[in-house]
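Written below as structure tokens is the structure these notes are about.
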Amino acid sequence: MTGSCHELATKQGKLLIDCGLFQGSEVRPLDIEFDVHDVDALLITHAHIDHIGRLPWLLAAGFNSPIFCTLATANLLPLMLDDALRLQLGMARKGREKVLKLIRTLTVPLHYGTWHTVNGTSDPVADIRFQPAGHILGSAYIEVRLPSEEIIVFSGDLGPSNTPLLPDPKPPRRADILVIESTYGDGVHESVAQRGDRLKALITRSLVNGGVILIPAFSVGRTQELLFDLETIIATQLDDFEKREWSKIPVILDSPMAAKVTEQYRTFKALWGEEAKEKLDSGRHPLAFEQCIVINSHTEHQALINRLKQTGEPAIVVAASGMCNGGRMLNYLEALLPDPRTDVILAGYQAEGTLGREIQNGARAVTIGDNTIEVNAHIHSMSGYSAMQISAIYSNLSRASEKHQNKSASSTAMPKHKKRSRKR
Ligand SMILES: [Zn+2]
């Protein structure tokens with residue numbers, strides 16, 4: 001389900017598909033437990049940490065072959081890994097640059113829908129083709145065509161269908177063997193069509209009692225979908241009275257990382273779904289609308305929190321992390337959870353052991369940093385936002401990393417995990 005990493009071994013060679021971190025309460029060593037020297041290539045389905053997070057460990061183990069992915073994934077890779085290595089593992093800039101430089105050197109970006117031959121030491125290993133998976137920007141399922149003409153399909157994370165921002169995945173025409181991701185295969189989710197209505201209802205209700213609406217969201221996928229939905233509501237779903245009320249609330253994206261990723265979404269407009277493209281054609285800006293303000297510096301961030309805390313003026317704040325485990329969202333929660341005017345909308349799954357789960361379960365007080373914080377805010381939960389939840393992976397990284405370091409005087413020399421980060 002997580003820590004996605006498959007090896008395809010044939011007579012001609014070996015391919016690796018994804019190299020991710022584990023999620024949830026499972027603690028596993030991060031070391032690569034197989035020989036990487038005869039792996040001919042790494043294929044990456046998408047840039048979520050549970051599919052790419054162990055890449056630094058793969059390099060440390062001696063992997064030195066091409067890394068194939070889509071163009072957009074190639075752009076997101078360094079962003080995601082830099083953020084992860086810095087925030088969660090406290091790795092210094094020089095170390096991060098070294099890892100990222102090597103990754104950039106090995107990366108071979110490919111276009112969707114075109115076959116590419118992966119060469120082994122002597123013969124070609126296979127032809128590969130990336131196809132849109134509709135999950136996050138750049139996401140793909142991968143068709144692998146062996147010299148025997150057999151086709152093996154690796155799904156990566158898929159869909160869901162009917163999201164407005166990305167086109168639906170199109171099924172492959174043929175698969176002799178299908179390796180399919182099944183993390184959420186056992187549940188029924190709030191439909192994508194309804195989630196906008198529910199978001200509107202929640203925000204409209206919150207506006208009546210004033211105060212800040214906090215939406216914790218992970219930087220890739222959910223943040224952009226939320227921005228997209230908010231723009232749709234503001235542009236098309238409000239009557240005159242609502243328009244006046246809503247025009248008073250700024251939508252604040254307080255996450256430099258999410259802003260950078262959103263930038264990438266805008267760069268790759270060609271990959272958007274029809275609905276999103278139509279909006280662009282009609283002169284609207286689904287991911288950069290007028291009411292949306294991006295907060296970058298930490299000084300701005302702190303000043304904004306102080307202001308919101310003192311004035312209680314209304315605002316919608318989208319910030320990471322999605323499970324309230326770290327990032328700037330923590331500072332908002334620390335300042336605003338005691339205020340009964342605050343609303344928190346949990347738009348994604350909250351894993352066991354995270355602050356998000358505690359709040360969702362109705363805790364009356366929570367610990368943030370060294371402080372006990374009273375919870376008087378209104379807490380709402382909604383589903384229907386697709387992208388996977390990643391922060392929980394790193395919440396377990398501390399234990400995993402310690403265990404890993406105790407176990408071996410590791411040759412990978414990964415840095416110690418930093419404690420729950422409060423600044424972002
Ligand atoms: Zn994913």
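Counting starts at 1 for both ligands and their atoms, in listed order.
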TODO: Report yes or no: does Asp35 contribute a side-chain atom to a donor-acceptor pair with the main-chain N or O of His37 at less than 3.5 Å?
DONE: yes
Task: Residue of the set Gln291, Lys279, His285 for which side-chain hydrogen bond (donor to acceptor under 3.5 Å, both in side chains) holds with Glu231 - done: Lys279
Open item on the list: Which residue is it: Leu21, Ile44, Thr45? I am looking for the one with a side chain to side chain contact (heavy atoms under 4.5 Å, CB included) to His51.
Closed with: Thr45
Open item on the list: Need one value: angle at the Zn ion (ligand 1), His135 atom NE2 versus His48 atom ND1, rounded to 10 degrees.
Closed with: 90°
Open item on the list: Quick check: of its N, O or S atoms, which one does Asp157 have closest to the Zn ion (ligand 1)?
Closed with: OD2
- [ ] Assess Asp50: does it contribute an N, O or S atom lying under 2.8 Å from the Zn ion (ligand 1)?
- [x] no
Open item on the list: Cys19 and side chain to side chain contact (heavy atoms under 4.5 Å, CB included): which single residue from Val36, Ile32, Leu43 fits?
Closed with: Ile32
